[in-house]
Amino acid sequence: MTASAQAPAPRRDWQRSVVYQIYPRSFCDSNGDGIGDLKGITSRLDHLQQLGVDVVWLSPVYSSPQDDNGYDISDYRAIAPEFGSMADFEEMLAAMHARGIRLMMDLVVNHSSDEHAWFQEARKSRDNPCHDYYIWREPGPDGAPPNNWEAAFQGSVWAWNEATGEYYLHMFSPRQPDLNWENPRVRQEVHALMRFWLDKGVDGFRMDVINMISKPWRADSSLPDAPAVREGFLQPGFALSCNGPRLLEFLAEMRREVLDHYDTITVGEAPMATTRQGVQITNPQSGALDMLFQFEHMDLDSQPGHPDGKWALKPLDLREFKATMSRWQDALAGQGWNSLYLSNHDQPRPVSRFGDDGAYRVASAKMLATCLHLLQGTPYVYQGEELGMTNVRFESIDDYRDIETLNRYRVAVHERGQDPAQVMAAIHAKSRDNARTPMHWSAGPNAGFTGGRPWIALNPNFHELNAEQALADPDSVFHYYRRLIALRHAHPVIVHGRYDLLLPGHTEIYAYTRSLAHEHLLVVCNFSAQTPRFALPPELQASERRLLIANYPVDAGEDLRSLSLRPYEARAYLLN
Ligand code: NOJ
């Protein structure tokens, strides 16, 4: 595909698509170095084809020192040698296209790696042509950082650069300096690298923390301190750096300059985004992107406003979850488009987090999938989710690899004196490494992931939980996902139907309908190990019904007017 002056007609394919996310480091290793790679992905495409997914989102495979597993890019046009070569990439892309699978690359352009040539130049002197590609500030009178913000991976967001006598901004690790999007040359560089990949034939981008490219405080160059939630320490400053005044302008420019000239699929990652911003970003007429990742439902099992952020655990209240999901369903209906996810490389495994990874692992993995996939939006399946993979509980912090987790432990235990057992308990619940242990392909050595020593230990439950076993078992989580994906392709009501929440105040059942013309889809999910009763609302009672999918055997004649749900039971009916 090459750029043309004439914009192709927009496609809405993504609305009936299901996306599968590959975290390349942990997917499949072809050469025995213990790190997943591109040839490994190519060798496993049958798995994706059998599942029936339409699109792959590939987490970063570009050259990188891997400070944050590739979300720190040192050359946007090259493949990291541990993942393979450009020829391997082209072979993988062709093999995906041959199977009718499109590829979204990860576009990480809020920041680069400190090893990127731009930053290497920028840091040399204040008059270097690249200096203004990044965000610099003078030290305070006592040499201190310009303000009190804490970075996402701990420490100040400001790092000292000796050669210029300035601080530079990094919202994540010091090795991920934030790019200065106010500089038009930075934007042109980003447009050019996007064209590079689109001209190679990739089908679009997942855009990393894209709503951080415009910082609210850049407009008036003020740099307020964040309010103190923990005396004597740095303060969370993340929220103050999202959704700046030029965000929509930068995205519109990107659409005009690049995306409009290709047939693309795009999704923007947007922490702290409100539904209003969601509409602005994804409105089919005026928005720049096809869909977004919002985070509100991911924050419901942390104590709001707590200085420890996501690590301050709180049990999920299903009513809050339903209210949040419903608010997004209602606000974006006809106005924008959402992504549906419970899982990705930054989140714990959903079956451990929202279901039951013990006795009801299979039932609850299927229930969560039912609940998510029948909503309006584009569902995302993160590698291993289709097997019902679970969180891992490494005993020792030394077994973890994630920069966020390791820094959290160090700062909480060694700098703030918090109880190591409690810190570990939160790591077991929330560490990003829960999702990053290698994919379980078989019960063989290292789960068939590598012939060498894996870069991170496996979850020991691969002996009974793996793709080989799942494919052979018609009742597996895998086959259930396959059926859900096929249902989305077959039923327009799943794609376009109006959403209505039932029983908003129920603490165990999440039930909703989707309606299109005379067709109604009824979805009933029990989020508990109890057996609550569900009663079909009177206005739906006279209907004909057809069971579309269920995670327990269902008696066809059962009276829906009063149903006792089994633990983690899920059913979906078509009612006419
Ligand atoms: C979001 C990515 O998903 C995450 O893995 C990464 O650490 C940060 N952005 C920084 O790029």
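All figures in this text were calculated on a predicted structure; none of them were measured in a lab. Every number for a ligand or one of its atoms is a count from 1 in the order of the listing. Reckoned from all heavy atoms, side chains included, excluding hydrogens, waters and symmetry mates.
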For Arg77, the salt bridge (charged side-chain N to carboxylate O under 4.0 Å, His left out) test, sequence neighbours excluded, returns none
So what's ligand 1 close to, N/O to N/O, under 3.5 Å?
| unit_1 | atom_1 | unit_2 | atom_2 | d |
| --- | --- | --- | --- | --- |
| ligand 1 | 3 (O) | Arg206 | NH2 | 3.0 |
| ligand 1 | 3 (O) | His345 | NE2 | 2.8 |
| ligand 1 | 3 (O) | Asp346 | OD2 | 2.5 |
| ligand 1 | 5 (O) | His345 | NE2 | 2.9 |
| ligand 1 | 5 (O) | Asp346 | OD1 | 2.7 |
| ligand 1 | 5 (O) | Asp346 | OD2 | 3.4 |
| ligand 1 | 5 (O) | Arg432 | NH1 | 3.4 |
| ligand 1 | 7 (O) | Asp68 | OD1 | 3.4 |
| ligand 1 | 7 (O) | Asp68 | OD2 | 2.5 |
| ligand 1 | 7 (O) | Arg432 | NH1 | 2.9 |
| ligand 1 | 9 (N) | Asp208 | OD1 | 2.9 |
| ligand 1 | 9 (N) | Asp208 | OD2 | 3.2 |
| ligand 1 | 11 (O) | His111 | NE2 | 2.9 |
| ligand 1 | 11 (O) | Asp208 | OD2 | 2.8 |

> side chain to side chain donor-acceptor pair (under 3.5 Å) with Arg246: which residues, sequence neighbours excluded?
Replying inline: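 In terms of side chain to side chain donor-acceptor pair (under 3.5 Å), with neighbours along the sequence ignored, Arg246 is linked to Glu182, Glu249.
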Residue set satisfying side chain to side chain donor-acceptor pair (under 3.5 Å) with Gln422, at least two apart, ordered chain then number -> none
* Distance-only donor-acceptor check, side chains Trp57 and Asp106, under 3.5 Å -> yes
The residue among Arg408, Arg436, Met424 that forms side chain to side chain contact (heavy atoms under 4.5 Å, CB included) with Tyr400 is Met424
- Message: I'd like to know whether CZ of Arg256 has more than 12 heavy-atom contacts from other residues, nucleotides or ligands below 6.0 angstrom.
- Response: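 More than 12 heavy atoms, drawn from other residues, nucleotides or ligands, come within 6.0 Å of this atom.
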